Amino acid sequence: MPQERLPSRADNFSDWYNQLVLKAEMADYGPVRGTMVVRPYGWTLWENITAALDRRFKATGHVNAAFPLLIPMSFLQKEKDHVEGFSPQLAIVTIGGGEELEEPLVVRPTSETIIGHMYAKWIESYRDLPVLINVWNSVVRWELRTKLFLRTTEFYWQEGHTAHATAEEAKAETQQMLEVYADFAENEAAVPVIKGRKSGREKFAGGVDSYSVEAMMGDTRALQAGTSHFLGENFAKAFSIQYLNRENKQQYVSTTSWGLSTRFVGAIIMVHGDDQGLVLPPRLAPFQVVIVPIYKTEQERSAVMEQTERVQQSLAEFRLKLDDREEVTPGFKFNDWEMRGVPLRIEIGPKDVEQGQVTLARRDEKGRIRAPVEGVAQLVSATLDEIQANMLNKAREFMRENTHDPADYAEFKEVVKSGWADVWWCGEEDCEAKIKQETKATNRVIPLEQPGGQGVCIRCGNAATERAIFARAY
RNA sequence: CGGGGUGUGGCGCAGUCGGAAGCGCGCCGCGUUUGGGACGCGGAGGUCGGCGGUUCAAGUCCGCCCACCCCGACCA
């Protein structure tokens with residue numbers, strides 16, 4: 001049972017987030033440092049996310065498979081940058097069945113290596129290509145500072161791994177999946193994103209180019225919501241993934257990988273939530289509608305429940321919860337379901353029965369409306385669509401309002417304290433490092449959509465041909 | 001791993017000078033309630049984070065350890 005109030009978002013965003021996740025029963029802390037238990041309400045949201053993504057993966061020709069959790073240490077060492085990037089975060093198994101193992105086994109931090117190993121075995125000819133496999137699993141990365149959903153030692157995700165005959169084809173795949181993530185984020189989660197390329201410092205260990213969709217959280221910090229990597233021939237060379245082309249010549253494949261994790265649940269919470277609690281997008285919410293019956297006497301109860309049943313039947317197409325608990329008051333239920341972010345509440349009381357109506361309360365806006373019982377399904381459907389659209393618009397507006405175009409570096413320093421900076425940037429790693437040192441803001445992404453032309457780098461003043469987003473990030 | 005903080009019923013906390021472990025919420029039972037977080041009465045629930053020390057006596061004083069949270073470095 002939840003406690004009464006949440007800390008305000010403006011007052012302490014981090015505290016607000018932590019308490020909300022616990023009180024809304026999305027997740028709880030596991031017994032091992034940094035681990036997370038995803039509770040049924042949170043997992044249902046994740047299941048709805050996975051369903052929406054999986055649909056899109058299948059529609060773009062991908063199939064699902066499963067690969068082992070344990071990976072020989074030597075596999076990671078085959079790609080130099082990869083092992084360097086991940087070694088500080090590895091959990092390693094050294095004992096099995098009571099015996100010291102000959103070779104330590106890594107608990108997968110990601111599956112490029114073991115999948116590369118298998119692809120080398122499976123791919124012989126250009127006729128075997130492309131290989132388009134996705135995996136739903138969990139991975140382990142030994143994180144120093146954890147936060148429920150956003151960064152946990154073990155997290156759930158999907159990782160897509162594809163192999164292609166040419167670099168061009170692999171690059172197209174990388175872009176395609178970035179588009180899939182952006183489409184999912186905006187149309188299912190109502191989370192607006194910026195698509196772009198990662199800077200050298202931020203890209204995937206062992207890859208050639210990384211792309212991401214970046215979202216602005218309610219405190220204006222940036223969150224990488226999904227990534228898509230072009231791996232070139234790096235892993236193909238490390239694992240000898242070769243095929244014979246039409247001319248009977250051995251060629252290396254080009255590979256990609258792309259992932260989206262339970263972190264996205266955190267994004268939904270932080271983008272849409274308010275001081276009352278969660279606000280969940282109708283397309284993904286575990287419950288789209290909650291019905292709260294209201295009555296005093298036994299006569300009222302039977303009349304109300306009769307109408308409630310009729311309404312319930314007419315709303316069979318929606319994910320619906322009837323809150324018929326006797327031990328709490330309607331007022332308590334209103335607050336409870338608001339905290340849990342249910343998009344639409346239907347109240348049915350004696351006055352409604354009398355009028356043959358129901359009372360609707362939207363989670364995204366204040367106020368109630370009354371509507372006749374007849375045709376309530378169409379109204380609910382239209383209202384959920386409106387809520388979905390309104391949530392995306394509000395989040396877009398927030399992102400726009402908090403994205404700035406500072407005139408000089410002094411102004412840049414100011415704006416990144418509470419927003420994003422969209423600026424000309426020279427692209428030098430050294431310059432990026434200094435910006436981070438001086439402002440705590442990092443290069444989030446170099447947007448795919450560029451205005452063209454050129455300018456001067458916001459920090460060093462050198463010629464710049466691209467604009468980049470700088471922000472404090474999670 | 002560096003800096004700061006906190007560990008006392010499920011949760012949030014109080015506990016003075018070392019002298020009988022408390023409060024609020026939640027939980028269980030009964031009754032009254034129910035259109036914005038109801039109320040009364042009666043209950044259950046604790047090796048005070050762990051180990052060691054000082055003392056007639058430790059939640060309280062001392063030492064070590066552990067865990068968690070916040071801020072940094074690292075990361076999806």
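Being a predicted model, the structure only gives us computed values, none of them experimental.
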Need one value for [X]: base, sugar-phosphate or nothing, where a base atom within 4.0 Å counts as base even if backbone is also close, heavy atoms only.
| X | answer |
| --- | --- |
| A:Asp352 | base |
| A:Lys198 | nothing |
| A:Arg345 | base |
| A:Thr152 | base |
| A:Leu150 | base |
| A:Gln224 | sugar-phosphate |
| A:Arg472 | sugar-phosphate |
| A:Glu347 | base |
| A:Lys333 | nothing |

Please state how far atom CD in A:Gln355 lies from atom P in B:G35, giving the value in whole angstrom units.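 Rounded to whole Å, this separation is 19 Å.
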
How many whole angstroms separate atom CG of A:Asp15 from atom C1' of B:U6?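 Atom-to-atom, A:Asp15 to B:U6, this comes out as 13 Å.
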
What nucleotide among B:C75, B:G36, B:C69 has an atom nearest to a side-chain atom of A:Arg368?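 Between B:C75, B:G36, B:C69, the one nearest the side chain of A:Arg368 would be B:G36.
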
Taking donor-acceptor contacts at under 3.5 Å, does the side chain of A:Thr359 reach the base of B:G35?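 In this structure, the two groups form a donor-acceptor pair.
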
Taking a pair as Watson-Crick or G-U wobble with both distances under 3.5 Å, which nucleotide is matched to B:C64?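 B:G50 - that is the nucleotide pairing with B:C64, both distances being under 3.5 Å.
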
Are any of the side-chain heavy atoms of A:Pro192 and A:Leu392 separated by less than 4.5 Å?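 A side-chain contact under 4.5 Å exists here.
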
Min side-chain heavy-atom separation A:Thr174-A:Trp258 under 4.5 Å: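 Answer no - side chains too far apart.
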
Below 4.0 angstrom, N of the basic side chain to O of the carboxylate: do A:Lys333 and A:Glu338 qualify?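 Between A:Glu338 and A:Lys333 there is no salt bridge, as every charged N stays at least 4.0 Å from the carboxylate O atoms.
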
Do the side chains of A:Arg459 and A:Asp430 get close enough for a salt bridge, i.e. N-O under 4.0 angstrom?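 Judged by the 4.0 Å cut-off on N to carboxylate O distance, A:Arg459 and A:Asp430 do not form a salt bridge.
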
Taking atom types as modelled and ignoring hydrogens, do the side chains of A:Gln224 and A:Lys198 form a donor-acceptor contact shorter than 3.5 angstrom?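 On atom types as modelled, these side chains qualify, holding a pair under 3.5 Å.
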
Taking for each residue the nucleotide of RNA chain B bearing the nearest heavy atom, is the 5' side occupied by A:Gly349 or by A:Pro88?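 Nearest-nucleotide comparison on RNA chain B picks A:Gly349.
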
Which residue, A:Tyr29 or A:Phe149, contacts RNA chain B at a nucleotide closer to its 5' end, judged by nearest heavy atom?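 Nearer the 5' end of the strand: A:Tyr29.
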
Which pairs pass ring pair (Phe, Tyr, Trp, His ring centres under 6.0 Å) with one or both residues in residues 192-220 of chain A, sequence neighbours excluded?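 Ring pair (Phe, Tyr, Trp, His ring centres under 6.0 Å) check on residues 192-220 of chain A returns A:His82-A:Phe204, A:Phe86-A:Phe204, A:Phe204-A:His229.
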
Go through residues 279-307 of chain A and report each residue with a non-hydrogen atom lying under 4.0 Å from RNA chain B, sorted by number.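 Under 4.0 Å from RNA chain B: A:Ile294, A:Tyr295, A:Lys296.
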
Could you list all the side-chain hydrogen bond (donor to acceptor under 3.5 Å, both in side chains) pairs where at least one residue sits in residues 264-280 of chain A, not counting sequence neighbours?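 Pairs touching residues 264-280 of chain A that pass the test: A:Asp274-A:Arg363.
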
